[in-house]
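Order of listing sets the numbers, starting from 1, for every ligand and every atom in it. Every heavy atom of this structure was used, including side-chain atoms; hydrogens, water molecules and symmetry mates were not.
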Amino acid sequence: MNLDGSAQDPEEREGSSVCVGREDDIKKSERMTAVVHDREVVIFYHRGEYHAMDIRCYHSGGPLHLGDIEDFDGRPCIVCPWHKYKITLATGESLYQSINPKDPSAKPKWCSKGIKQRIHTVTVDNGNIYVTLSNEPFKCDSDFYATGDFKVIKSSS
Ligand code: FES
């Protein structure tokens with residue numbers, strides 16, 4: 001609801017940032033979960049940077065907030081606790097290793113399946129952490145578990 005009593009445009013509402021906690025707290029815990037406009041997200045604090053993404057893994061809905069962070073190919077990734085998929089914190093790409101079958105002696109190479117997990121924007125203002133949901137118009141695989149029948153949080157409207 002706007003201050004003048006009119007209903008807020010849903011797209012405008014989803015594009016607005018939401019305060020999810022205090023910088024001091026996430027720096028201690030290094031991760032936190034939040035609900036931003038009915039969407040569950042996880043926020044990581046890793047090596048001095050903040051990253052936010054859909055909380056449910058794009059593969060089968062695994063709880064990414066319970067995964068470990070490890071580097072693969074020099075890129076920090078959250079490792080899903082269910083089937084160990086590796087998702088980059090910065091871009092939401094899913095990484096895998098491939099080997100050239102014509103050259104089995106070659107070392108496995110890290111490759112990207114593309115962006116599979118939706119990444120959201122984190123900003124810090126006056127010690128508060130804000131998350132703004134991504135409004136990138138592409139269809140992201142993690143949307144499946146973040147919207148519709150599969151999302152855990154149901155809107156009251
Ligand atoms: Fe995340 Fe399968 S649910 S890897």
Side-chain angles (χ1 to χ4, degrees), residues 10-11 13-15 17-23 25-104 106-124 129-157:
E11 273 186 34
R13 179 178 163 263
E14 288 189 7
S17 63
V18 169
C19 181
V20 297
R22 296 282 304 161
E23 198 178 11
D25 294 332
I26 194 171
K27 280 185 171 172
K28 278 187 218 132
S29 61
E30 298 188 336
R31 62 185 65 189
M32 64 168 56
T33 63
V35 178
V36 178
H37 301 309
D38 290 342
R39 191 167 185 124
E40 283 186 301
V41 297
V42 56
I43 303 102
F44 297 107
Y45 178 71
H46 184 68
R47 293 187 192 137
E49 292 185 358
Y50 295 98
H51 306 276
M53 61 176 61
D54 287 340
I55 200 168
R56 296 279 158 198
C57 174
Y58 78 91
H59 175 229
S60 284
L64 293 181
H65 59 298
L66 302 179
D68 293 328
I69 295 175
E70 293 178 46
D71 281 4
F72 297 95
D73 203 24
R75 305 174 75 184
C77 295
I78 184 72
V79 181
C80 179
W82 282 8
H83 310 106
K84 307 301 178 195
Y85 279 29
K86 294 137 186 65
I87 300 167
T88 62
L89 295 182
T91 62
E93 288 170 77
S94 182
L95 302 185
Y96 68 100
Q97 280 191 303
S98 79
I99 195 159
N100 182 350
K102 292 182 183 154
D103 182 10
K107 275 178 63 175
K109 213 175 70 178
W110 284 102
C111 302
S112 170
K113 297 177 196 171
I115 297 172
K116 298 291 187 176
Q117 197 74 22
R118 193 174 284 278
I119 298 295
H120 306 289
T121 304
V122 181
T123 49
V124 182
I129 307 283
Y130 294 85
V131 172
T132 309
L133 294 181
S134 154
N135 62 0
E136 294 291 322
F138 72 102
K139 176 91 183 83
C140 192
D141 286 6
S142 67
D143 293 343
F144 183 75
Y145 293 101
T147 57
D149 291 342
F150 288 91
K151 75 175 181 179
V152 176
I153 306 298
K154 299 279 185 196
S155 170
S156 56
S157 59

Sidechain N-carboxylate O distance under 4.0 Å for Asp71, Arg47 | yes
Between Asp68 and Lys84, does at least one N-O distance fall below 4.0 Å, as a salt bridge requires?
-> no
Examine Lys113 relative to Tyr85 and say whether NZ or CZ is less than 6.0 Å from the centre of the six-membered ring and inside a 45° cone about the ring axis.
-> yes
Which of the atoms of ligand 1 are close to [X], meaning less than 4.0 Å from one of its heavy atoms?
{"X": "Cys80", "answer": "1 (Fe), 3 (S), 4 (S)"}
{"X": "Tyr85", "answer": "4 (S)"}
{"X": "Gly62", "answer": "3 (S)"}
{"X": "Ser60", "answer": "3 (S)"}

Closest N/O/S atom of His59 to atom 2 (Fe) of ligand 1, by atom name?
-> ND1
Of all the non-hydrogen atoms in the protein, which one sits nearest to atom 2 (Fe) of ligand 1, and at what distance?
-> His83 ND1, 2.0 Å
Is it the side chain (CB and beyond), the backbone, both or neither of Cys57 that lies under 4.0 Å from ligand 1, heavy atoms counted?
-> side chain
How does Trp82 reach ligand 1, by side chain, by backbone, by both or by neither, if only non-hydrogen atoms under 4.0 Å count?
-> side chain
Determine whether Lys116 and Cys140 make a side-chain contact, defined as any pair of heavy atoms from C-beta on separated by less than 4.5 Å.
-> no
Is a donor on one side and an acceptor on the other found under 3.5 Å between the side chain of Arg75 and the backbone of Ala90?
-> no
Assess whether side chain to side chain donor-acceptor pair (under 3.5 Å) is satisfied between Asp54 and His120, documenting all intermediate values.
-> CA-CA 8 Å; Asp54 287 340; His120 306 289; 2.8 Å; yes
